[in-house]
Amino acid sequence: MKISNARVIVTSPGRNFVTLKIETDAGVHGIGDATLNGRELAVASYLTEHVVPLLEGRDPADIEDTWQYLYKGAYWRRGPVTMAAIAAVDMALWDIKGKVLDTPVYNLLGGRSRRGVLCYVHASGRSIADTIEQVRRLREEGYRAIRVQCVAPGIDNMYGTPRGMDGQQPDLPFVEEGWATEKYLRFVPELFAAVRDAVGFDVHLLHDAHHRLTPIEAGWLGKRLEDYQLFWLEDAVPAELQESFRLIRQHTTTPLAVGEVFNSLYDCHQLIREQLIDYIRASVVHAGGITQLRKVAHFAEPYHVKTGCHGAADLSPVTMAAALHFGLATHNVGIQEYAHHAEETPEVFPHAWSFSDGYLHPGEAPGLGVDIDEKLAARYPYDRAYLPVSRKVDGTASSW
Ligand SMILES: [Mg+2]
């Protein structure tokens, strides 16, 4: 069997998604997600101009060799654009292999390690009372793990919370969020005390600091959250400096998660080897596909580090499908983030994966169990969009 054709489909059903479709001379096709939020067309161009011409004529069965060829053959390694492009090819090839062998991809990765993949959703409140109400409602909907974010008094347009009217800013192509570390640090322990008081301990609670703290501030916060038994404190500090997590570890036993912006094992090997984190957040789409993410997970297993894959709504249903096959099969999977897509997204990307009683399951369809309706996709043209930027009270740019 040979790859006969590959093409990139950019569509915006609710938000922008970049999808690679690989076709074979046997009539079987596979799809992969290449979405890089805010930089979608860079990956689309990298794929169309540089990767697609290399795929024609290759045997789709040789997934590992194709991965190494695209990674090493380009000479210029890593980075989110390159690795999202490789991830899309990788996902599509796993999809094809599953269809050819008439079995779901999880079966090719070693079979089931669990009945379903524990997932977490987002509660995002304007006040503590509003947040508690959301946590209660999500519990009633069957979710067993909930990320809790709430507007801290005095911070405008805070990450992970609903935006007020002043978040619209029509003169800018992006939203500007505010930041004040001291207000945030004062508020978060109060928030978790109130939520635990209201809903008890029979639900996993998570929190995302979204790269806003320094290591010593993160240690301070983690220590004060210990009594509330968080599942994890996410992205406490940016992790370009991997050893910065040593300082956090010296001060707190709150479990730590990081890595949604990572692109390969090389971004996290020190964090894992020194046991500086508990969960690695690398995702299928941004970390080179199933092939690379499996290597991250296998490397992490002896160090007691589990995966907790990023799963924001900008990761298409194709990535979610791939993440769930990986999640069902891989032993040291901890949890999967699950942010709901817009109503029109699953119409463009019909999929076999589903949610039930706190867990996600990839379904039993051969391959990844997800496809793209190209006719419908064409009705939603690309819509230029940017991620927000963050500034401190005095106007200094800060990490978003
Ligand atoms: Mg996050």
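Order of listing sets the numbers, starting from 1, for every ligand and every atom in it. Just so you know, these numbers use all the heavy atoms, side chains as well, and skip hydrogens, waters and symmetry mates.
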Answer yes or no: are there more than 12 heavy-atom neighbours, outside Arg139 itself, under 6.0 Å from its atom CZ?
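Yes - once you tally the heavy atoms of other residues, nucleotides and ligands closer than 6.0 Å, there are more than 12.
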
Are the ring centres of Tyr120 and Trp232 closer than 6.0 Å?
yes

Please report the C-alpha distance between Asp208 and His122 in whole Å, then the side-chain angles of each, then the deciding distance to 0.1 Å, and finally whether the side chain to side chain donor-acceptor pair (under 3.5 Å) criterion is met.
CA-CA 10 Å; Asp208 189 351; His122 299 177; over 6 Å; no

Do we see a donor-acceptor contact under 3.5 Å between the side chains of Thr396 and Trp179?
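Note: Thr396 and Trp179 side chains miss the donor-acceptor criterion.
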
Pi-cation contact, Tyr69 with Arg58 (under 6.0 Å, within 45°)
yes

Judged by atom type as modelled, is there a donor-acceptor pair below 3.5 Å linking the side chain of His341 to the main-chain atoms of Leu315?
yes

Which N, O or S atoms belonging to the protein are less than 2.8 Å from the Mg ion (ligand 1)?
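Listed by chain and number, the nearby protein N, O or S atoms are Asp208 OD2, Glu234 OE2, Glu260 OE1.
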
